[in-house]
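The structure appears right after this line, and notes come after that.
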Amino acid sequence: MAAKILWIDDEIDLLRPLCIILSNAGYEVETASNGADALQTLNTQHFDVVLLDENMPNMSGLETLNRIKKQNPDIPVVMITKSEEENIMEQAIGQKIANYLVKPVSKMQLLACLKQLVGKQQLISQTTQHNYQADFATISMEMNQCSTFDDWSALYQKLVRYDIDLEGIKAMEEIQRLQKRSANEGFAKFVSKNYLAWMQQRTGDNVPLMSNRIMKDRILPLLEQNKKVVLIIIDNCRLDQWESIRPLLTPHFNISTELYCSILPTATQFARNAIFSGLMPAEIESMFPEYWNDNETGQNQHERDLIGTFFNRYRKTQYKYAYYKVNTAESGENLVKKYPNYRSNHLNAFVFNFVDMLSHARTDVSVVNELSNTEAAYRSITRSWFEHSALFDLLMQLHSEDVTIVITTDHGTIKVDTPRKVVGDREVNTNLRFKTGKGLQFDAKNTFEIKKPEEAFLPKSKLSSNYIFALNNDYFVYPNNYSEYTRRFADTFQHGGISMEEMIIPFVCMEAK
């Protein structure tokens with residue numbers, strides 16, 4: 001379908017040759033010799049672009065622009081002017097013109113401008129689709145060659161980039177989804193094979209940066225460089241969600257991103273406690289039993305205290321720190337107001353729970369489920385929240401501060417669709433992506449089992465208890481109420497198990513430009 005152009009100029013007859021050129025180039029061109037006629041035409045017809053002369057009698061170009069934007073705020077308007085007078089350009093740009101051209105307008109200038117406005121998205125989609133088709137075989141080959149966590153991280157970054165770029169291209173979305181699923185199968189085998197070895201080695205070239213080393217290997221070195229650090233943890237935030245909000249921050253900050261590995265289980269009570277304490281869960285339970293709670297809902301009540309244990313253990317008690325958790329819009333607004341009280345601290349740790357609450361709300365609230373029923377929608381609602389959140393307000397406030405901002409998460413989440421039956425006693429935990437207890441019965445072929453929790457530095461609830469983890473897009477359900485569980489939890493976002501989305505997560509450092 002040809003793009004429709006409305007050209008408004010009081011000397012439109014002199015522009016007939018250019019109108020013919022546009023028609024020959026495939027555009028449908030309508031003309032108007034004044035602003036009043038143009039507004040009437042715009043009121044009855046749809047146009048893709050408006051070309052608007054700045055210098056017209058009666059209703060000026062700027063006045064016409066203002067009225068067009070009130071009537072059709074989303075239509076791109078290209079201002080055509082005899083000169084680039086600063087005040088005129090400032091007013092035009094302030095009213096969000098899409099571009100401007102200076103008379104006399106050449107054929108090539110005009111065609112290039114329209115191509116950029118009308119054909120830009122189509123060209124981007126075509127190019128992205130072509131690039132992915134060309135990359136498909138290469139990505140498949142890379143899957144088979146990944147032998148380290150860094151290899152898998154690089155592959156996952158590439159897949160996430162295509163996740164975002166291929167949005168709306170339905171045929172390519174499905175192919176890419178299947179390829180990512182295949183990559184997750186390979187990643188699950190890789191983690192199942194190497195995880196216990198990582199736990200025993202703890203450090204070394206073959207061991208990825210993990211949750212329990214964030215404070216020691218990343219935060220403490222910044223403090224020792226006499227930098228004030230604001231550590232922001234967005235609970236349950238995946239790499240693609242970070243990539244969706246990063247463009248909002250790039251105009252203001254220099255940003256560096258690395259990927260690290262969440263410990264298992266990829267659940268808040270394990271991974272985030274490991275971050276703040278610098279310890280594995282079994283070590284927390286052993287050294288600070290008062291801070292470890294077997295109750296699933298109460299295991300993150302002592303994060304402030306765990307930060308203190310970290311500084312005490314490394315004899316860094318000179319560092320003053322604060323901790324604040326944001327669970328509601330009101331608590332976020334309070335943090336922004338109170339931040340000046342935290343300025344003197346060496347480390348401020350702030351936890352934002354919105355993304356985690358969103359993933360849980362999808363299970364329980366049908367309206368939220370409808371709003372975020374696809375991966376793209378999940379990213380979109382995260383970006384929308386961030387753009388209007390207290391967190392964004394806080395970051396803009398920090399822009400004027402002499403601080404290093406660290407943004408990270410404790411784990412990601414994955415959209416599940418394949419139920420796996422598991423049998424256990426009443427004391428087995430409720431998480432759908434991992435189970436711990438004794439006498440568990442499960443599909444061993446499609447599950448990663450840790451028979452001796454102490455080898456993975458995980459607490460044991462019973463002498464003979466073990467841990468099992470769901471792989472890929474699986475989730476655990478009990479045989480009784482099987483149909484009810486599958487109906488309720490299929491296509492929801494869950495965490496606790498093994499997947500790239502849950503385990504390969506961003507660690508971001510930012511400083512103001």
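Just so it is clear, the model here is predicted, and its values are computed rather than measured. Computation of the quantities below employed the complete heavy-atom set of this structure, encompassing side-chain atoms and omitting hydrogens, waters and symmetry-equivalent molecules.
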Report the residue from Leu220, Leu222, Val403, Ile405 that forms a side-chain contact (heavy atoms from CB on, under 4.5 Å) with Val229.
Leu222
Let me know which of Leu259, Ile504, Asp163 forms a side-chain contact (heavy atoms from CB on, under 4.5 Å) with Leu239.
Leu259
Test salt bridge (Lys or Arg N to Asp or Glu O under 4.0 Å) applied to Lys228 and Glu401, step by step
CA-CA 10 Å; Lys228 290 186 175 181; Glu401 305 277 337; over 6 Å; no
Report yes if the side chains of [X] and [Y] come closer than 4.5 Å at any heavy-atom pair, otherwise no.
X      : Y      : value
Thr486 : Tyr475 : yes
Thr382 : Arg238 : no
Leu347 : Lys320 : no
Arg383 : Ser380 : no
Val477 : Phe489 : no
Asn472 : Thr418 : no
Thr413 : Tyr378 : yes
Tyr324 : Tyr339 : no

Do NZ/NE/NH1/NH2 and the carboxylate oxygens of [X] and [Y] come within less than 4.0 Å?
X      : Y      : answer
Arg161 : Glu243 : yes
Asp474 : Arg420 : yes
Arg272 : Asp235 : yes

Any chance you could lay out the salt bridge (Lys or Arg N to Asp or Glu O under 4.0 Å) test for Lys338 and Glu333, step after step, and finish with the verdict?
CA-CA 9 Å; Lys338 290 179 179 178; Glu333 292 169 3; over 6 Å; no
Under the side chain to side chain contact (heavy atoms under 4.5 Å, CB included) criterion, do Gln157 and Val160 qualify, and how do the steps go?
CA-CA 5 Å; Gln157 279 184 303; Val160 164; 5.7 Å; no
Under the ring-ring contact (aromatic ring centres under 6.0 Å, His included) definition, can you give me all pairs with a residue in residues 158-183, not counting sequence neighbours?
Tyr132-Tyr162
Which pairs, with at least one residue in residues 41-81 and sequence neighbours excluded, count as a ring-ring contact (aromatic ring centres under 6.0 Å, His included)?
none
Whether the side chain of [X] engages the backbone of [Y] through a donor-acceptor N/O pair (distance < 3.5 Å, no angle test) should be reported.
X      : Y      : value
Ser60  : Met56  : no
Asn236 : Asp410 : no
Glu28  : Ile5   : no
Lys513 : Thr250 : yes
His495 : Thr266 : yes
Lys4   : Val49  : no
Thr409 : Cys237 : yes

Give the C-alpha distance, both sets of side-chain angles, the deciding distance and a yes or no for side chain to side chain donor-acceptor pair (under 3.5 Å) between Ser389 and Glu387.
CA-CA 6 Å; Ser389 70; Glu387 190 171 11; over 6 Å; no
For [X] versus [Y], what's the shortest heavy-atom pair and its separation?
X      : Y      : value
Asp48  : Ala3   : OD2-CA, 3.3 Å
Ala271 : Ser262 : CB-OG, 3.8 Å
Gln109 : Val102 : OE1-O, 4.4 Å
Val416 : Gln494 : CG2-CG, 3.9 Å
Pro506 : Thr257 : CB-CG2, 4.3 Å

Determine whether the side chains of [X] and [Y] contain a donor N or O and an acceptor N or O closer than 3.5 Å.
X      : Y      : result
Ser499 : Glu502 : yes
Thr41  : Glu30  : no
Ser140 : Glu142 : no
Asp151 : Thr148 : yes

Please evaluate residues Val78 and Cys113 with respect to the criterion side chain to side chain contact (heavy atoms under 4.5 Å, CB included), reporting the C-alpha separation (whole Å), side-chain torsions for both, the decisive distance (0.1 Å), and the verdict.
CA-CA 9 Å; Val78 178; Cys113 177; 3.8 Å; yes
Using the rule given for side chain to side chain donor-acceptor pair (under 3.5 Å), can you reason through Asp417 versus Asn473, listing the C-alpha separation, both sets of side-chain angles and the distance that settles it, and then say yes or no?
CA-CA 6 Å; Asp417 57 22; Asn473 300 76; 4.5 Å; no
Between [atom1] of [X] and [atom2] of [Y], what distance do you get to the nearest 0.5 Å?
X      : Y      : atom1 : atom2 : value
Arg67  : Met59  : CZ    : CE    : 4.0 Å
Glu303 : Lys325 : CD    : NZ    : 4.5 Å
Leu391 : Trp385 : CG    : CH2   : 5.0 Å
Phe276 : Ile233 : CZ    : CD1   : 3.5 Å
Met500 : Asp240 : CE    : CG    : 11.0 Å
Gln71  : Thr64  : CD    : OG1   : 11.0 Å

Can you say whether the rings of His252 and His399 are parallel (under 30°), tilted (30 to 60°) or perpendicular (over 60°)?
perpendicular
Asn184 pairs by side-chain hydrogen bond (donor to acceptor under 3.5 Å, both in side chains) with which of Gln179, Glu501, Lys189?
Glu501
Counting only heavy atoms not in [X] (residues, nucleotides, ligands), do more than 12 fall under 6.0 Å from its [atom1]?
X      : atom1 : result
Asp402 : CG    : no
Asn24  : CG    : yes
Glu330 : CD    : no

May I have the step-by-step check of side chain to side chain contact (heavy atoms under 4.5 Å, CB included) for Leu52 and Ile80, ending in yes or no?
CA-CA 6 Å; Leu52 174 62; Ile80 300 177; over 6 Å; no
Show, in sequence, the C-alpha distance, side-chain angles and deciding distance for Asp9 and Lys103, and conclude whether the side chain to side chain contact (heavy atoms under 4.5 Å, CB included) test is met.
CA-CA 12 Å; Asp9 195 304; Lys103 290 184 177 182; 3.2 Å; yes
Partners of Ala322 by side chain to side chain contact (heavy atoms under 4.5 Å, CB included), sequence neighbours excluded?
Tyr342, Asn345, Asn348
